[in-house]
Amino acid sequence: MTSQPARKTPGELLKERGQHAEDIVAVRSGGRIVDLHTPVDANAELTPIRASEAAGTQVLRHSAAHVMADAVQRLFPGTQVTIGPAIDSGFYYDFSRPDGKPFSDADLELIEAEMRKIIGSKKPFYREEVSREQAHQLFEGMGEKFKLEVLDAIPGNEAISLYRHGSPGRPEGTWVDLCEGPHVPTTGHIGAVKLLSVAGAYWRGDERNPMLQRIYGTAFPDEKALKEHLRLLEEARARDHRKLGKELELMMFHEWAPGMPFLLPNGAGIYNRLIEFVRSLYFDYGYEEVVTPQVFDRRLFETSGHIPNFIDGLYYPTTLELMKEHAGKPLGPGPADHPALAFGLKPMNCPSHCLMFGQRRRSYRELPWRVADFGRLHRFERAGVIHGLARVRSFCQDDAHIFCTQEQLEGETAAFTQLLFDVYRAFDLTNVSVKLALRPEKRMGTDAEWDHAENALERVLVNANVPFEKLPGEGAFYGPKLEFHVLDAIGRDWQLGTIQLDSQMPESFGLDYIGADGGGHRPVMLHRAVLGSLERFFAIYIEHVAGKFPVWLAPVQAALVTVSEKQAEYAERVRRELHAHGLRVTVDAGSDKLGAKIRNARLMRHPYVVVLGEKEAEASTVSVRSRDAGELGSMPLSAFTARISAEALAPKPGKTPAPVSQ
RNA sequence: GCUGGCGUAGCUCAACUGGCAGAGCACCUGUUUUGUAAACAGGUGGUUGGGGGUUCGAGUCCCCCCGCUAGCUCCA
């Protein structure tokens, strides 16, 4: 290796410039992140990156992945390494074990302990550039066939770099990996690490490839930051909607209907109030609601163009008559072409709405026509992807389709965006970001049509001054879309709303309307949902509020508890009074002690616990304890009724300010 | 669908290498009549997810299903 006098390492330069600090893990120079030990121009401009910055933490995690791979190969000789990147919340490394066995939790502890030794030794990382041949020889000699594949995939014009870190106890004294870098100055800069889980993962993410063993871990500059992260993970577990759904009796599942939730009275109440809320906004925004069939002749989905893309996702209800009639007949070219499978359970509402649009001659005066549908949908999701309420096989969306003219497109998209922000604010989801998903590889329509559609959506965002990010290849097969993402109370990102522009389906159904010119014109169709799947939104919302539903949604708004059984009569009077105001109330007048009754009510996260004892009965008062505001003391029943009635109203959104990205 | 893990009372979980299926909570009954997060006693409750096999003997070992779960892949 040659050293040129005009080049120095950033580490040296920072010292010369008086900028040196222990927690600097790399520098930004000319738009690139560089190690402290990789030489740069002696007069280069350098911005130090500290371990606690996002970019610095990523560098540190990538280094932690190397240290983990080192530890694994020490403890499990013969294990091959593949790739090991930093990810949002930590890092992972995929391994191939000669015996194909997975790592156990006990193994993770051993590996973590070994990592601590390597980190404690504070040995340097350094970069080395080699020729393709040298790299090839090196990894071939080590028997690392996955690394050879990675090497072969690196474009010919790119430099090949290796990273080594000092690895005490190894005969060669270092551990080496094919890697672009950058890395922290020494293993000691890694700070705090924790290995979290092990899981199978396909080589290169392709399910036809061999399954590798992936170990997930996370790393932070110090123990405090790690502890905070682990606390958040714990918090997420505590909020898990499947756990809360069971505890609060919101829903249940049964193996005779896998992936299909049963909403118990508590859950069904919330679910229906969500629908009612959206419905009330539909009135304000000029939507009309329809009811459509559940089972369709498959020709509907053939016409809509869904069959080739969707065939695996359909449920096929059939009849004894059909089965008898077609018993023993061969399958057609597609597995679902069997005549006994003539009917499908609808997986989406749009084709029904197209049939409705085409039912009679339409005029341009009727447009835009906004058709809302809370129809139940069924999709045969693969067994491994089902997850509580968040991913189910039977669900409903706050779905609507807008048939409009090209000219109305922008106004409709803007109005929808407004509606969407009204709804999100009502659910206290205020951190929203917008993405524009562009044409996927598998798609219908010509490139010219896609150009037109993509430009239209982009124009809406630009005109409305909404910040957005483009997602190439993420659009639906029939058109581009906007995605609306929110951050929940513990910082997780969820996609909720979407609006998708579609000129394919009106084409497929031959839809047209008579324009002012007396001629026929094809309408544009907008597929749009604010909350998306209501089941999934319910899951997200349960976790967002940690089961503490606001009064307007809560299954029980006030739990009345008596001090002794003697107040049963007064409790019944209070219950009737609140019930007459349309409030949802339970009474616990049993023989438990007061403390136990309060505990039970709090575990159910009811917004109010109302204590009724001798004093209250005599004075016609109630002693109120608020879930969110604490002890409110004694008040006349009428005062409590007024207070809770005001909170029990569904939010009535005004105009929500223009969307803001975080 | 793939790779691991798991499935025991309504819930949360025990049951050493194969050897009498248990606890707490919930529920029911009784006692207690309670003042802001768990009163006391007794009782009911199980073909250990389903089917097959090995064995004198299976919750435990083997095989096949089903479901759940962590990820991977997928999410039109």
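Within every chain, numbering begins at 1; the chains are lettered A, B, ... in the order of the sequence lines, protein sequences first and strands thereafter.
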Exercise for review: Of all the heavy-atom pairs spanning A/Pro317 and A/Val295, show the shortest one and how long it is.
Suggested key: CG-CG1, 4.0 Å

Exercise for review: For B/U8 and B/A14, measure between their P atoms and round to the nearest Å.
Suggested key: 11 Å

Check your understanding: Any idea which of B/U33, B/C68, B/C66 is nearest the A/Ile386 side chain?
Key -> B/C68

Check your understanding: What integer number of Å spans the P atoms of B/G57 and B/G52?
Key -> 16 Å

**Study point:** Nucleotide paired to B/G42 in any strand shown, Watson-Crick or G-U, under 3.5 Å
**Key:** B/C28

Review point. Between A/Glu441 (CD) and B/C74 (P), how many Å, whole number?
Key: 12 Å

Review point. In the strands shown, is B/C56 matched to any nucleotide by a Watson-Crick or G-U wobble pair with both distances under 3.5 Å, and which?
Key: B/G19

Exercise for review: Would you please classify the geometry between the A/Phe538 ring and the A/Tyr271 ring as parallel, tilted or perpendicular, with 30° and 60° separating the classes?
Suggested key: tilted

Practice item. Look through every strand shown and name the nucleotide pairing with B/A14 as Watson-Crick or G-U wobble, where both distances are under 3.5 Å. Key: none

**Study point:** Between C1' of B/U69 and NE2 of A/His241, the distance in whole Å
**Key:** 13 Å

Exercise for review: Please state whether the rings of A/His544 and A/Tyr541 are parallel, tilted or perpendicular, taking 30° and 60° as the class boundaries.
Suggested key: tilted

Exercise for review: Could you check A/Lys246 against A/Pro258 and say which one's nearest nucleotide on RNA chain B is further toward the 5' end?
Suggested key: A/Lys246

Exercise for review: With the side chain of A/Arg599 defined as its heavy atoms from C-beta on, choose the nearest nucleotide among B/A38, B/A70, B/C66.
Suggested key: B/A38

**Study point:** Inter-nucleotide C1' distance (B/C13, B/G30), Å rounded
**Key:** 29 Å

**Study point:** Presence of donor-acceptor pair under 3.5 Å, side chain of A/Ser623 and base of B/U36
**Key:** yes

**Study point:** Whole angstrom value for the distance that separates P of B/C11 from CE of A/Met252
**Key:** 10 Å

Check your understanding: What distance, rounded to whole Å, do you find between the two P atoms, one in B/C20 and one in B/U54?
Key -> 22 Å

**Study point:** Atom-to-atom span, CG of A/Asp94 to C1' of B/G71 - whole angstrom
**Key:** 11 Å

**Study point:** Steps toward salt bridge (Lys or Arg N to Asp or Glu O under 4.0 Å) verdict (A/Arg393, A/Glu381)
**Key:** CA-CA 6 Å; A/Arg393 286 173 169 164; A/Glu381 302 286 0; over 6 Å; no

Exercise for review: Using a heavy-atom cut-off of under 4.0 Å over every strand shown, decide if A/Glu247 touches base, sugar-phosphate, or nothing.
Suggested key: nothing

Practice item. Using both distances under 3.5 Å as the test, list the Watson-Crick or G-U wobble partner of B/C74, or none. Key: none

Point to revise | Candidates B/C68, B/U36, B/C72 - which lies nearest the side chain of A/Ile598 | key: B/U36

Review point. Is there a donor and acceptor pair, one atom on the side chain of A/Glu616 and one on the base of B/G35, closer than 3.5 Å?
Key: yes

Check your understanding: Judged by modelled atom types alone, do A/Asp94 and A/Trp203 share a side-chain donor-acceptor pair under 3.5 Å?
Key -> no

Check your understanding: Counting only Watson-Crick or G-U wobble pairs whose two distances fall under 3.5 Å, which nucleotide matches B/G4?
Key -> B/U69

Practice item. Among A/Arg231, A/Arg239, A/Arg237, find the residue that satisfies the side chain to side chain donor-acceptor pair (under 3.5 Å) test when tested with A/Glu235. Key: A/Arg239

Check your understanding: With under 30° as parallel and over 60° as perpendicular, where do the rings of A/His378 and A/Tyr315 fit, or are they tilted in between?
Key -> perpendicular

Review point. How close or far is atom P of B/G49 from atom NE2 of A/His254, stated in whole angstroms?
Key: 14 Å

Practice item. Nearest 0.5 Å please: distance from the CG atom of A/Leu438 over to the CD atom of A/Glu474. Key: 9.5 Å

Point to revise | Nearest-angstrom distance, C1' atom, B/A21 to B/U60 | key: 12 Å

Practice item. Could you work out which one of B/C68, B/A37, B/U33 sits closest to the side chain of A/Leu603? Key: B/A37

Review point. Is a donor-acceptor pair below 3.5 Å formed from side chain A/Tyr202 to base B/G4, judging by atom type as modelled?
Key: no

Check your understanding: Does A/Arg242 have a side-chain nitrogen or oxygen under 4.0 Å from the phosphate oxygens OP1 or OP2 of B/U69?
Key -> yes

Review point. Does any N or O donor sit under 3.5 Å from an N or O acceptor when you compare the side chain of A/Arg382 with the base of B/U73?
Key: yes

Exercise for review: Scan A/Gly384 against the nucleic acid and name what it touches under 4.0 Å (heavy atoms): base, sugar-phosphate only, or nothing.
Suggested key: base

Revision key, fill the gap. Whole-Å distance, A/Met348 CE to B/C75 P, equals 13 Å

Check your understanding: Side-chain N or O of A/Tyr216 less than 4.0 angstrom from OP1 or OP2 on B/C72?
Key -> yes

**Study point:** B/U48 to B/A39 separation - P atoms, rounded to the nearest Å
**Key:** 35 Å

Check your understanding: A/Glu631 side chain: which of B/U36, B/U3, B/G35 is closest?
Key -> B/U36

**Study point:** Nucleotide nearest A/Lys566 when distance is taken to its side chain, options B/U73, B/U34, B/C11
**Key:** B/U34

Check your understanding: Any side-chain N or O of A/Lys593 less than 4.0 Å from the OP1 or OP2 oxygen of B/A37?
Key -> no

Review point. At under 4.0 Å between heavy atoms, what does A/Lys615 touch on the DNA or RNA strands: base, sugar-phosphate, or nothing?
Key: base

Review point. Does B/G35 have a Watson-Crick or wobble mate here (both distances under 3.5 Å), and if so which one?
Key: none

**Study point:** From B/A39, B/C74, B/C66, nucleotide with atom closest to A/Arg391 side chain
**Key:** B/C74

Exercise for review: Tell me what A/Gly532 touches on the nucleic acid: a base, only sugar-phosphate, or nothing, going by heavy atoms under 4.0 Å.
Suggested key: nothing

Practice item. Using the P atom on both, measure B/G10 against B/C6 and round to a whole Å. Key: 22 Å

**Study point:** No-hydrogen, no-angle side-chain donor-acceptor test under 3.5 Å, A/Tyr316 and A/Arg298
**Key:** no

Check your understanding: What integer number of Å spans the P atoms of B/G67 and B/C75?
Key -> 22 Å

Point to revise | Rounded distance in Å - NZ (A/Lys243) to C1' (B/U69) | key: 16 Å

Review point. With respect to the phosphate group of B/G35, does any side-chain polar atom (N or O) of A/Arg625 fall under 4.0 Å of OP1 or OP2?
Key: no

**Study point:** Among B/C11, B/C74, B/C66, the one nearest A/Val385 by side-chain distance
**Key:** B/C74

